[in-house]
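First comes the structure, then the notes that go with it.
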2 protein chains.
Amino acid sequence: MPSPNRTTNEEVVAAAREILEDAGPGGLTMQAVAGRVGVRAPSLYKRFADREALLAAVVAATVEELGRRLDGAEDLTAIARTYRAFAHERPEAFRLVFTPYAEQEALRRSAEPVLRAAADLVGEEDALVAARLFTAWATGFLHMELAGAFRLGGDVDEAFAYGLDRLRAGLLAGRR
Amino acid sequence: MPSPNRTTNEEVVAAAREILEDAGPGGLTMQAVAGRVGVRAPSLYKRFADREALLAAVVAATVEELGRRLDGAEDLTAIARTYRAFAHERPEAFRLVFTPYAEQEALRRSAEPVLRAAADLVGEEDALVAARLFTAWATGFLHMELAGAFRLGGDVDEAFAYGLDRLRAGLLAGRR
DNA sequence: ACCTGAACACCGTTCAAGT
DNA sequence: ACCTGAACACCGTTCAAGT
């Protein structure tokens, strides 16, 4: 006798993302996720091989959303602003993006707008290395900000603006 | 009847650091650490309040060692090289440095050489923001490299050299 | 077909009892 | 004083049995 699905993969991932932000990675238990979608923990194994696979799906959904938002950003300034707003909104998920959980494919898609903006600045030939410089800076800055590494002094917004400004200047000067 | 200590805090932390690199954070269990220093897991609670406190001590020791190595580096190029070599040597510990586990004090000490090198380049007034630009880039780059985010194409060494070069150029151009 | 209770392995942590 | 066996709570995961 077939019984209808009591939940969906999308619903499970959405629940996991909420729990992740509310309770951190340690609070993201199979039981907590199951409870939020109204099933028991063993049922989740029909949908995800194990907790790690669920985490990978959470990261994939996060990277996808980030990619969608970045699509609207046209230059490095807009991209940086969007990127930072996203990290502030979903700090726990953001922390997981650059871990081995992340899938290459989704990362590549979300890197597209950065590559385009970098090409506009330095040309096609150096677009990749320039995009990596920008992404590494933005990623590192946000990781440090979220970890509280900037609590010691100085204005964080000012440091972000300075970094973006000097980065753009360095890229423009290296044009060829 | 007093019994002599069968281990020391330093030995426990050293064991934990080895296990962390060999087996990742998931393999860093209290039992594994205890086993390596020749005691049972409950004994560790005489030395560290809980697993999180032990992890914090691991990160503190890591940051301290990084700081010691950076002391020998005089300019941003040398610092970048040292920083990258360290991340390659202890990837798992490096990943934990910019998390809430890290203590502010140790981080500040290890930031000293970067501040000095930044001041040499842009002057005292902008040294802090310049150091944050450099550190964010280096940290982000290494996190991405360790996460395999650069496996898609292009030469990683070249991207690192390009980033450092453009960063220095941007800083120099902003001198005032 | 999908779901679950029960069970197992494993881990963090506590504590009374050993020396 | 330091160490440990035993116990407890909690979690990931499996699976036979339910509908």
Side-chain angles (χ1 to χ4, degrees), chain A residues 1-61 92-93 95-96 99-103, chain B residues 1-61 92-93 95-96 99-103:
Chain A
M1 200 115 359
S3 41
N5 285 338
R6 216 163 286 181
T7 183
T8 63
N9 285 21
E10 289 69 29
E11 198 187 11
V12 171
V13 170
R17 293 177 75 188
E18 287 169 21
I19 292 169
L20 175 63
E21 296 304 332
D22 288 350
L28 182 55
T29 69
M30 299 301 269
Q31 301 183 25
V33 175
R36 187 169 296 220
V37 300
V39 299
R40 296 292 181 164
S43 295
L44 298 179
Y45 292 83
K46 285 273 129 107
R47 308 182 168 285
F48 300 93
D50 49 27
R51 183 175 178 273
E52 199 171 327
L54 175 55
L55 266 176
V58 164
V59 172
E92 297 291 349
R95 262 191 255 275
L96 296 182
T99 61
Y101 291 122
E103 290 150 28
Chain B
M1 197 114 2
S3 40
N5 285 338
R6 214 164 289 181
T7 184
T8 63
N9 285 21
E10 288 69 28
E11 198 186 10
V12 170
V13 170
R17 293 178 74 190
E18 288 169 20
I19 292 169
L20 175 63
E21 296 304 333
D22 288 349
L28 182 56
T29 68
M30 299 300 270
Q31 302 183 25
V33 175
R36 188 170 294 220
V37 299
V39 299
R40 298 290 184 166
S43 296
L44 297 180
Y45 292 83
K46 286 274 129 111
R47 308 183 167 282
F48 300 93
D50 50 26
R51 182 175 178 274
E52 200 171 327
L54 175 54
L55 265 176
V58 163
V59 172
E92 295 292 349
R95 263 190 255 276
L96 297 181
T99 62
Y101 291 122
E103 288 149 30

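Order of the sequence lines sets the chain letters (A, B, ...), proteins ahead of strands, with each chain counted from 1.
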Send over the distance from [X] [atom1] to [N] [atom2], rounded to a whole Å.
X     : N      : atom1 : atom2 : value
A:L44 : D:dT14 : CG    : C1'   : 14 Å
B:R6  : D:dT4  : CZ    : C1'   : 9 Å
A:N5  : D:dT19 : CG    : C1'   : 15 Å
B:Y45 : C:dA16 : OH    : P     : 17 Å
A:L28 : D:dG12 : CG    : C1'   : 12 Å

Quiz prompt | Any donor-acceptor N/O pair, B:R51 side chain to B:L28 backbone, under 3.5 Å | solution =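 Judged by distance alone, yes, a pair lies under 3.5 Å.
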Quiz item: Got a second to check how far B:F48's CZ is from B:M30's CE, nearest 0.5 Å?
Solution: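 One gets 8.5 Å once the value is rounded to the nearest 0.5 Å.
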Quiz item: Going from CZ on A:R40 to CZ on A:R6, what distance comes out if it is rounded to the nearest 0.5 angstrom?
Solution: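 That separation rounds to 10.5 Å.
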Any idea which heavy atoms bring [X] and [Y] closest together, and the distance?
X     : Y     : result
B:V37 : B:A15 : CG1-CB, 3.7 Å
A:G27 : A:I19 : O-CG2, 3.6 Å
A:A61 : A:V13 : CB-CG1, 3.9 Å
A:L96 : A:T99 : O-OG1, 2.6 Å

Quiz prompt | Range-with-range stems for DNA chain C, at least three Watson-Crick or G-U pairs under 3.5 Å | solution =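 Paired runs of 3+ in DNA chain C: C:4-8 with D:12-16, C:12-16 with D:4-8.
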Practice problem: Using a cut-off of strictly less than 4.0 Å between a heavy atom of the residue and any atom of DNA chain C, enumerate the qualifying residues of residues 31-39 of chain A by number. | Solution: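 Only A:V39 qualify.
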Quiz item: Using a heavy-atom distance cut-off of less than 4.0 Å, which residues of residues 46-55 of chain B contact DNA chain C?
Solution: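 B:D50, B:R51 - these, ordered by number, are the residues of the stretch whose heavy atoms sit under 4.0 Å from the strand.
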Exercise. Report the residues that fulfil side-chain contact (heavy atoms from CB on, under 4.5 Å) with A:A93, sequence neighbours left out, ordered by chain and then residue number.
Key: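 Residues passing side-chain contact (heavy atoms from CB on, under 4.5 Å) with A:A93: A:L20, A:E21, A:T62, A:R90.
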Self-check item: Partner residues of B:E18 under the side chain to side chain donor-acceptor pair (under 3.5 Å) criterion, sequence neighbours left out
Solution: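 Expected list: B:R36.
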Quiz prompt | All pairs passing side-chain hydrogen bond (donor to acceptor under 3.5 Å, both in side chains) where residues 7-17 of chain B contributes a residue, at least two apart | solution =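 Found B:T7-B:E11, B:N9-B:R47, B:R17-B:E65.
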Quiz item: Considering only side-chain heavy atoms of A:M30, which listed nucleotide, D:dT13, C:dT14, C:dT13, is closest?
Solution: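 For A:M30, the side-chain atoms sit closest to D:dT13.
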Self-check item: Earlier contact from the 5' end, DNA chain C, for B:G26 and A:T7
Solution: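 The residue mapped nearer the 5' terminus is A:T7.
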Quiz item: Using a cut-off of 4.0 Å on non-hydrogen atoms, how would the nucleic acid contact of A:S43 be classed: base, sugar-phosphate, or nothing?
Solution: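 Result for A:S43 = base.
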Self-check item: Residue-phosphate contact under 4.0 Å: B:R40 side-chain N/O, D:dC2 OP1/OP2
Solution: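 Indeed not, no polar side-chain atom of B:R40 lies that close.
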